[in-house]
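A short worksheet on the structure shown next.
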Amino acid sequence: MQKITLPRPDDWHLHLRDGAIMAAVLPHTAQRFGRAIVMPNLRPPVTTTRQATAYRERILAARPKGSRFRPLMTLYLTENTTPREITLAKQSGHVQAVKLYPAGATTHSEAGVRDITKVHAVLEAMAEQEIPLLVHGEVTDPQIDIFDREKVFIDQILSPLLERLPRLRVVFEHITTREAADFVRESSNDIAATITVHHLLLNRNAMLAGGIQPHHYCLPVPKRETHRHALIAAATSGSPRFFLGTDSAPHTRHTKESGCGCAGIYTAHAAIELYAELFEQAGALDRLAEFASGFGADFYRLPRNTDTITLIKESWNVPQHYPLGIAGALVPLRAGKPVSWRIANA
Ligand code: DOR
Ligand code: ZN
């Protein structure tokens with residue numbers, strides 16, 4: 001039997017939602033991860049430190065008994081966010097970052113930013129106070145092909161932004177292209193990227209070939225196989241600029257299997273196990289610990305976790321669905337299929 005022990009990993013990009021859905025999904029994350037950067041795209045969005053503090057309390061109250069999981073909070077950037085709010089966030093001690101959603105780019109992004117010049121004063125305050133900006137890196141221009149939106153975002157938005165604010169610390173979230181990986185690797189700025197396990201495992205065929213697969217649809221959309229290879233190379237390269245962020249995003253089954261299906265893939269139930277599978281296939285299991293449990297904490301200037309988790313090479317079958325209380329049920333990644341690693345104490 002093969003076994004690996006890692007410092008407890010953290011998830012640097014996670015959707016927990018709220019209410020019944022949060023109560024149903026939080027145990028999956030809390031069982032595996034020490035901390036998670038919690039996305040603010042609730043309805044209404046978490047735009048103030050006061051709201052983030054209340055949301056944090058609800059998450060803490062929903063933790064399974066005995067859990068020491070710690071949510072790390074974020075604010076949702078709008079064109080009305082003030083520099084004063086950034087100061088409040090910094091003072092709170094538990095808001096770690098601010099998330100930029102270009103308006104219309106993804107789930108619950110309507111309140112996001114339409115014109116980046118409108119948030120320059122806030123971004124300056126963030127650079128000043130060393131609060132990282134987390135970016136959903138896609139343009140929303142309907143003229144731009146959806147498979148090109150990340151690359152165009154780099155050229156039109158991210159590059160000029162970093163030139164204008166060289167001290168702004170940035171996490172390019174859930175990168176999906178070779179161009180994004182190259183950009184992050186080669187940048188002279190203090191910039192890093194999260195890589196999801198679904199973008200490491202799936203290409204666009206997994207979403208579109210042999211019938212449309214709504215449970216493989218997420219944003220940014222999975223790209224060609226060559227891009228998936230570039231992401232695997234980045235994640236397993238040992239560069240501290242790439243670290244784990246699942247973007248696990250629960251949606252009910254009926255909102256995914258619909259005439260207009262929601263974007264989001266649920267991976268929290270088997271996240272570290274799936275990354276282990278991928279790193280093993282890439283011959284890089286020895287690089288998993290830094291990617292999953294080291295580089296992210298370093299970037300956020302937080303201490304690394306001191307406890308550990310152990311993974312065992314033993315296959316188990318993912319359930320067809322998980323109940324979401326009154327909200328219905330969700331279909332997880334790999335539903336009904338095997339995962340080759342499991343958590344020892346699960
Ligand atoms: O696929 C996605 N789902 N991408 C996002 O950016 C948001 C997320 C969600 O909140 O469901
Ligand atoms: Zn996300």
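Every number for a ligand or one of its atoms is a count from 1 in the order of the listing. All heavy atoms count here, side chains included; hydrogens, waters and symmetry mates do not.
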>> Polar contacts were defined as any N/O atom of the residue lying under 3.5 Å from an N/O atom of the ligand; does this apply to T106 and ligand 1?
In response: yes
>> Which option wins on minimum heavy-atom distance to atom 11 (O) of ligand 1: H136, H15, H251?
In response: H251
>> Show the nearest heavy-atom pair for residues H136 and A105, with the distance to one decimal.
In response: CD2-CB, 3.9 Å
> Can you list the ligand 1 atoms lying under 4.0 Å from a non-hydrogen atom of C218?
Replying inline: 1 (O)
> With a cut-off of 2.8 Å, does H136 place any N/O/S atom under that distance from the Zn ion (ligand 2)?
Replying inline: no
> Under 6.0 Å from the six-membered ring centre of F299 and within 45° of its axis: does the NZ or CZ of R169 meet both?
Replying inline: yes
>> Could you report the tightest heavy-atom contact between I265 and H215, atom names first, then the distance?
In response: CG1-O, 3.6 Å
> Does H13 put an N, O or S atom under 2.8 Å from the Zn ion (ligand 2)?
Replying inline: yes
> Is a side-chain donor or acceptor of R32 paired with a backbone partner of H269 at a separation under 3.5 angstrom?
Replying inline: yes
> Counting both backbone and side chain atoms, is some N or O of N41 under 3.5 Å from an N or O of ligand 1?
Replying inline: yes
>> Please list, in number order, the atoms of ligand 1 under 4.0 Å from a heavy atom of D247.
In response: 4 (N)
> Between CD of Q2 and CD1 of I312, what distance do you get to the nearest 0.5 Å?
Replying inline: 11.5 Å
>> For a distance under 2.8 Å, tell me if D247 has an N/O/S atom near the Zn ion (ligand 2).
In response: yes
>> I want to know if ligand 1 touches A263 in the polar sense, i.e. an N/O pair below 3.5 angstrom.
In response: yes
>> Please classify the R17 to ligand 1 contact at 4.0 Å (heavy-atom distances, strictly less than): side chain, backbone, both or neither.
In response: side chain
>> Does ligand 1 come near enough to G264 that some N or O of the ligand is less than 3.5 Å from an N or O of the residue?
In response: yes
>> Looking only at side-chain N and O atoms, does T48 offer a donor or acceptor that is under 3.5 Å from a partner on E85?
In response: no
> Under 4.0 Å from any heavy atom of A249, which atoms of ligand 1 are there?
Replying inline: 3 (N), 8 (C), 9 (C), 11 (O)
> Do the side chain of S109 and the main chain of G104 share a donor and acceptor less than 3.5 angstrom apart?
Replying inline: yes
> Hey, any chance V197 and L219 share a hydrophobic cluster, counting ILVMFWY side chains that come within less than 4.5 Å of each other, even indirectly?
Replying inline: no
> Are E186 and R241 within salt-bridge range, i.e. N to O under 4.0 Å?
Replying inline: no
> Based purely on interatomic distance, does L219 place a nitrogen or oxygen under 3.5 Å from a nitrogen or oxygen of ligand 1?
Replying inline: yes
